[in-house]
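Structure, as C-alpha cells:
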Amino acid sequence: MSRHQSPDRKRRAADSASGSVPAESRTIWERLASLFVPKKGRKLRTNRYMFHTSLFVVAIFLGLVGYIVKFTIVDAPDVINSPYNKRTAALSEKVVRGSIKSANDKVLAESTVDEEGNQHREYPYEDMFAHVVGYTGHGKAGLESACNYELLSSHEQIMDQLKSGVKGERSVGDTIVTTLDTRLQKAAYNALDGYRGAVVAIEPKTGKVRALISKPDFDPNSLDEIWEEINADEDNSCLLNRATQGLYPPGSTYKVLTALEYIEEHPGSYGDFSYDCTGETVVDSVRISCYDGEEHGEVNLGEAFTRSCNTAFVTLGSTLDLKRFASLNEKFLFGQSIPFDLPVNKSRFELNEDSEKSEVPQTVIGQGNTLMTPFHNALVMCAIANDGVLMQPYLVERLESADGAVVRETEPEEYKKIIDKKDARTIQDMLRSVVTDGTGRALDKELYTAAGKTGTAENEGERAHSWFFGYSNVEDPDLVVCVIVENSGAGSEYAVPVAEAVFDSYYNNEMNAEYAE
C-alpha cells in the first residue's frame, strides 16, 4: 500500500497538528462558537459584538417594561370595561350592578332584582342624565360604560359576601358617587328646553364637572321600545353627546385666543391698538362684516373685545405670527386628546405658518375650519378663570362599597399651566367688561358677579349657533358655564339666558354649604 499522501491530506494533517480546522470541515455549531471565542486580532470585534448584543437585550427588556406599564395605566381600563371581556360578563352573574349617585346624594341609576333573579336597571331622572350617566341596554354608554368594572365589583365586608354566597344571593356592586349636582343639571336641562345644544358646568379650581347636558335626549328606561326609532333619526342624533363629541365653529368665543395671542406678541404695546370700525372691511381678499353690519366706530383692543367687533379682530389677526398662534392653540388642547372620564372628540385648528393668508380672517373670529366641542371650550375658560392653570376635569368623586366605605377617592389635580397669570388676568378684565358693558349684560346682577364672552357662529346657510362661556364670582371664580344653542341666533339672546339659569341655581341653592338643600 502506497504511503504517499495527497496535498489535501497533508494540509489537513498539518491543520490538525496545529490545532486548527479548515472552514469547510467545521460544523455549523463550531462556526457559531468561534464567533464568541476571542482570538488573536479579533478581540476588538468581539467586544463590539457583545456590546451591540447587550444593547439589543436591554432594548427588548425596556420595551417589555414599557408595554406592561402602558397596558396597566393606559390600556387596562378599556380592556376591563370592554363588552367582550368575559370577566365582566361573569361578574354580572354574581354581582348586582352598583348604583350611580350625584354629589348631593341623589340616585341617578340603580338596579333591582325580581323574584326570578333578573336585574333591571332604572334611571329615576329619565332623560335628564341620559348622556352623562348613559345606559346598559343595547351596549353601554356614558358612566355606565366608563365605570362598568367598578359597578360590577363588590367591596362589601367579607362576612356579608360570604353570607350572600351561602344563601345563593348576589353581592352588591360598588357605588359611583359623581361630581354632578341634580339642581344644576335640572336648571340647565329646563333652560335648554325646546332647543338642540349642550351645557357644561365645571369648577375651575378643582376640575369637578357639576352639570353636563346634551339635547335632544332620550329616556334610557325606555330604550328597548325606542331604540330603532332614535337610531333611524339622523336629523336629531339623540344618542350623540353633544357636550363632549359635538364639533362646532366657536364663533366670537374664539376671540379670547386671538386677543391672547396679540397680547403675547405685543406685551408692552397691545394697549395702543386702535381701529375705526365702519361695520365692514376686506382683509386678504376676504370680506368681513360685524354682526348685523353694526358700526362700532373708534375702538381699542378691550372695546373691540367687549363689543365683539369682527372687523377690528380680523385686522389685528392679519398681523399675527402664525407659527406662534398655532403653538398657542396647541397649548389650549386643539388637536389634543383631552383626559376625561368620557370620550371627548378632538377639536380642530388647521392654521399654520404655511397657510394661505386668505384663511386667516375667518379663523381669527372663530369661523373657517376651526371646530370645538363645548366641553373643550369650557376648559379654555377654566384655564383663564384659574389664572392660566387648567385642572384635570373629572366626573367620579369617589367609589364606595354598598355599606358606605370609601374604596377610592379622586383628588383635584393640576393638568397643566397653559399661560402666565398676568396674561390670564388681562383676559379676565376683558371678559368682565363684556358683562358690565357689552353683549353679556343680562348677567350683570347683584346675586353674583360674572364674566364671559358671547358668540354667534355662522352655520352653512342655517341659523347661527348661539354661544356663551364664562364664570361667576370674578374675585374668586366658583363656576364656569359653557352653553351652545344650535341654529338659534345671537349668543346674547339664546345662550346667555341658559347660563344665567345655571348661575342663578348655583347661588340660590347655596351649593357651597355642603350641597345642603
Side-chain angles (χ1 to χ4, degrees), residues 72-73 76-83 85-125 129 132-137 140-182 185 203 206-210 212 220-221 340-342 392-413 514-517:
T72 303
I73 298 175
D78 292 334
V79 174
I80 289 172
N81 287 308
S82 170
N85 190 332
K86 294 181 179 180
R87 184 180 178 187
T88 56
L91 284 173
S92 64
E93 298 298 322
K94 301 176 181 179
V95 179
V96 176
R97 191 176 186 84
S99 300
I100 300 176
K101 291 185 175 182
S102 70
N104 56 323
D105 203 34
K106 304 296 181 183
V107 175
L108 308 180
E110 63 182 348
S111 290
T112 59
V113 181
D114 62 23
E115 294 180 355
E116 298 178 356
N118 299 313
Q119 289 192 54
H120 301 278
R121 199 65 168 166
E122 297 178 355
Y123 302 92
Y125 284 85
F129 290 86
V132 61
V133 170
Y135 52 84
T136 57
K140 293 179 178 64
L143 287 173
E144 293 279 29
S145 175
C147 301
N148 185 46
Y149 180 74
E150 288 85 351
L151 292 166
L152 290 174
S153 299
S154 178
H155 285 85
E156 282 186 302
Q157 293 183 8
I158 296 298
M159 290 304 299
D160 291 335
Q161 294 189 47
L162 289 174
K163 289 178 182 178
S164 297
V166 171
K167 295 179 180 179
E169 298 175 349
R170 296 169 175 168
S171 299
V172 181
D174 293 338
T175 296
I176 298 293
V177 179
T178 71
T179 59
L180 299 165
D181 188 275
T182 55
Q185 188 85 355
E203 288 183 358
T206 64
K208 295 180 181 181
V209 177
R210 292 307 191 189
L212 198 150
N221 295 301
F340 189 48
D341 298 297
L342 304 182
Q392 174 85 39
Y394 62 98
L395 269 171
V396 178
E397 182 81 67
R398 62 185 180 275
L399 182 67
E400 293 181 351
S401 64
D403 47 25
V406 176
V407 177
R408 189 180 71 235
E409 192 164 11
T410 306
E411 294 293 336
E413 179 182 353
E514 298 296 325
Y515 303 100
E517 288 191 284

(request) May I ask you to decide if H155's main-chain N or O and D174's side chain share a donor-acceptor pair within less than 3.5 Å? (result)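 Yes; at least one donor-acceptor contact below 3.5 Å.
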
(request) Would you confirm whether T179, through its side chain, and E397, through its main-chain N or O, come within 3.5 Å as a donor-acceptor pair? (result)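 Answer holds: no.
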
For [X] and [Y], work out which heavy atoms get closest and say how close.
X: L212; Y: V132; result: O-CG1, 4.0 Å
X: F340; Y: Q392; result: N-NE2, 4.5 Å
X: V113; Y: V96; result: CG2-CG2, 3.8 Å
X: T112; Y: E122; result: OG1-OE2, 3.6 Å
X: S154; Y: S171; result: OG-CB, 3.7 Å
X: T206; Y: Y394; result: O-CE2, 3.4 Å

(message) Rounded to the nearest 0.5 Å, what separates atom NZ in K101 from atom CG in L108?
(response)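 Rounded to the nearest 0.5 Å, the NZ-CG separation comes to 10.0 Å.
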
(request) Can you measure from CZ (F129) to CG (L180) and round to the nearest 0.5 angstrom? (result)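 Reported to 0.5 Å precision, the distance equals 6.0 Å.
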
(message) Against L399, only a single residue in T410, V177, V407 fulfils side chain to side chain contact (heavy atoms under 4.5 Å, CB included); can you say which?
(response)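 Single pass found, and it is V407.
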
(message) Contact between L395 and I176 at the side-chain level, heavy atoms closer than 4.5 Å - yes or no?
(response)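 No; the side chains remain at least 4.5 Å from each other.
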
(message) Does any part of the side chain of K106, heavy atoms only, come nearer than 4.5 Å to the side chain of Y125, both counted from C-beta?
(response)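 Yes, side chains in contact.
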
(message) Among residues at least two apart in sequence or on other chains, which ones pass side chain to side chain contact (heavy atoms under 4.5 Å, CB included) with A141?
(response)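 A141: side chain to side chain contact (heavy atoms under 4.5 Å, CB included) contacts with Y135.
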
(request) For R121, check side chain to side chain contact (heavy atoms under 4.5 Å, CB included) against everything at least two apart and list the hits. (result)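 Once residues adjacent in sequence are excluded, the partners of R121 under the side chain to side chain contact (heavy atoms under 4.5 Å, CB included) criterion are R97, I100, A109, S111, Y123, T136, E144, L151.
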
(request) For residues 107-119, pull every pair meeting salt bridge (Lys or Arg N to Asp or Glu O under 4.0 Å), keeping only residues two or more places apart or in separate chains. (result)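 Not a single pair qualifies under salt bridge (Lys or Arg N to Asp or Glu O under 4.0 Å).
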
